[in-house]
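A, B, ... follow the sequence lines: proteins, then strands. Residue 1 opens every chain.
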There are 2 protein chains.
Amino acid sequence: MAFSKVEPDIVMERLLHVFRSVGYDGASLTELASATGLKKASLYHRFPDGKVGMARAVLDHVKGWDDSQIFYILLSSEPAKERLDAALNAISVFYEGGRLACILRAMSHGAAAEIFRDQIAETFQNWVNAFAHLATDLGHDSDTAQKLGESSLVKIQGSLILAQTLQKPELFQDALEAIKTDFLK
Amino acid sequence: MAFSKVEPDIVMERLLHVFRSVGYDGASLTELASATGLKKASLYHRFPDGKVGMARAVLDHVKGWDDSQIFYILLSSEPAKERLDAALNAISVFYEGGRLACILRAMSHGAAAEIFRDQIAETFQNWVNAFAHLATDLGHDSDTAQKLGESSLVKIQGSLILAQTLQKPELFQDALEAIKTDFLK
DNA sequence: TTTTAAATACCGAACGATCGGTAAAGAAAA
DNA sequence: TTTTCTTTACCGATCGTTCGGTATTTAAAA
């Protein structure tokens, strides 16, 4: 690498921030460029596939975060209750306590929906499965565990929407608490 | 009105369908025109404020639906349990059993977010309040009723997202069932 | 009842602005 | 010097929007 005025990690963070804030269609190259501090053509040097490539890179980046921060924790060999606490804490950090939107939801409308539908569905399903796995470790039967996995994602996604539109981040924290209660019941 | 190739009700339905499907930024005038059967210039005759005016009209239309189909039912003088059933049924119909997205969520990204933020927040709050009111009628105390109102919206919104991305509409029906269980507990 | 004028609705064509994207040249690192 | 990265300048396409003009309907005048 010759030189880079802006570190790749920073670029990734900024792209993620723009996409999750305004959605795929709402994110113009002009905004992506000014947010990253790179000119449009420089973005195309780093992402030869353009806007689609940037979005794909962001989704891959998030997938890596999921693997290391969520699935790794939920499926580790620690005591089940500690795993649940650790995962919910990591989730709370990632969404800044309910102040940031979910990138998967932001990519589920318009032009991006068709391109990334399968990848988004797979990620959601992985989340459901990981939570369901933890539920079985906590003694729930298979059917109940599946329902708990689904309801966890429902509560995370739904509370993020309400937290942001009503500007009440505590609704997100309440939802995380409710998930914990459900699992330990 | 002189003459009208396409009935206003039809136009409203088509606009609603496009906006909720692809979001505000994702809905181009070209698509809105072809969906309604009107040319772009004709859309501007009916909606002098252009795309923003169309979105506002759609949100007003949905507000009217909320008032007559949800709030009217939830706050009527019928027995509380029957009100709950009727409201959940109406909601299920409006979202076609989980196959259609929420227009409010679709308008929460990008350019539309800034324009309609207050109106969207108000509508969500009205939903929460209506559900909370019903909860008190069912004998729940004030705090519990508030939580039930919030969790109802969380489940509706969250399950709509999962139902559509995972293409499993039954997740939405499950959520409606869960709401009923929560209220009657 | 017929004629005429106003009002209403629609549409083709074009507007300036912005979209995502690219080619070529300059500058820094190797 | 070669390679890597950034930059300026630009492209065609599409964006939301507007204009000039044409149907169709309503209503007043004759």
Give a yes/no answer on whether the side chain of [X] brings an N or O atom under 4.0 Å of OP1 or OP2 in [N].
X: A:Lys39; N: D:dT6; answer: no
X: A:Ser28; N: C:dT18; answer: no
X: A:Ser42; N: D:dC5; answer: no
X: A:Tyr44; N: C:dT22; answer: no
X: A:His45; N: D:dC5; answer: yes
X: A:Arg46; N: D:dT4; answer: no
X: B:Ser4; N: C:dA9; answer: no
X: B:Lys5; N: D:dT24; answer: no

Check the distance between [N]'s [atom2] and [X]'s [atom1] and give it to me in whole angstrom.
X: B:Ile115; N: D:dG16; atom1: CD1; atom2: P; result: 12 Å
X: B:Leu38; N: C:dG12; atom1: CG; atom2: P; result: 12 Å
X: B:Leu43; N: C:dC11; atom1: CG; atom2: P; result: 10 Å
X: B:Glu31; N: D:dA13; atom1: CD; atom2: P; result: 21 Å
X: B:Phe47; N: C:dC10; atom1: CZ; atom2: P; result: 10 Å
X: B:Leu29; N: D:dA13; atom1: CG; atom2: C1'; result: 16 Å
X: B:Met54; N: D:dG16; atom1: CE; atom2: C1'; result: 9 Å

* Asked: Is a donor-acceptor pair below 3.5 Å formed from side chain A:Lys40 to base C:dG21, judging by atom type as modelled?
  ->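 Yes.
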* Using side-chain hydrogen bond (donor to acceptor under 3.5 Å, both in side chains) as the criterion, list what pairs up with B:Asn126, not counting sequence neighbours. =>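 side-chain hydrogen bond (donor to acceptor under 3.5 Å, both in side chains) check on B:Asn126 returns nothing, list empty.
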* Can you name the salt bridge (Lys or Arg N to Asp or Glu O under 4.0 Å) partners of A:Lys40, sequence neighbours left out? ->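 If we apply the salt bridge (Lys or Arg N to Asp or Glu O under 4.0 Å) test to A:Lys40, skipping adjacent residues, there are no hits.
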* To do: Looking at every strand, decide which applies to B:Ala33 at a 4.0 Å heavy-atom threshold: base, sugar-phosphate, or nothing.
  =>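 It contacts nothing in the nucleic acid.
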* Out of D:dC19, D:dG16, C:dT22, whichever nucleotide has its closest atom nearest the side chain of A:Ala41 ->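 So the side chain of A:Ala41 is nearest to C:dT22.
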* Side chains of B:Asn129 and B:Gln146: do they bring a donor and an acceptor to under 3.5 Å? ->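 On atom types as modelled, these side chains do not qualify, holding no pair under 3.5 Å.
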* **Polar side chain donor-acceptor pair, B:Ser108 to A:Gln164, under 3.5 angstrom** =>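 Short answer, no.
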* Cationic tip of B:Arg20 within the cone over B:Phe94's six-membered ring, i.e. under 6.0 Å and within 45° of the normal? ->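 Yes, a cation-pi geometry holds between B:Arg20 and B:Phe94.
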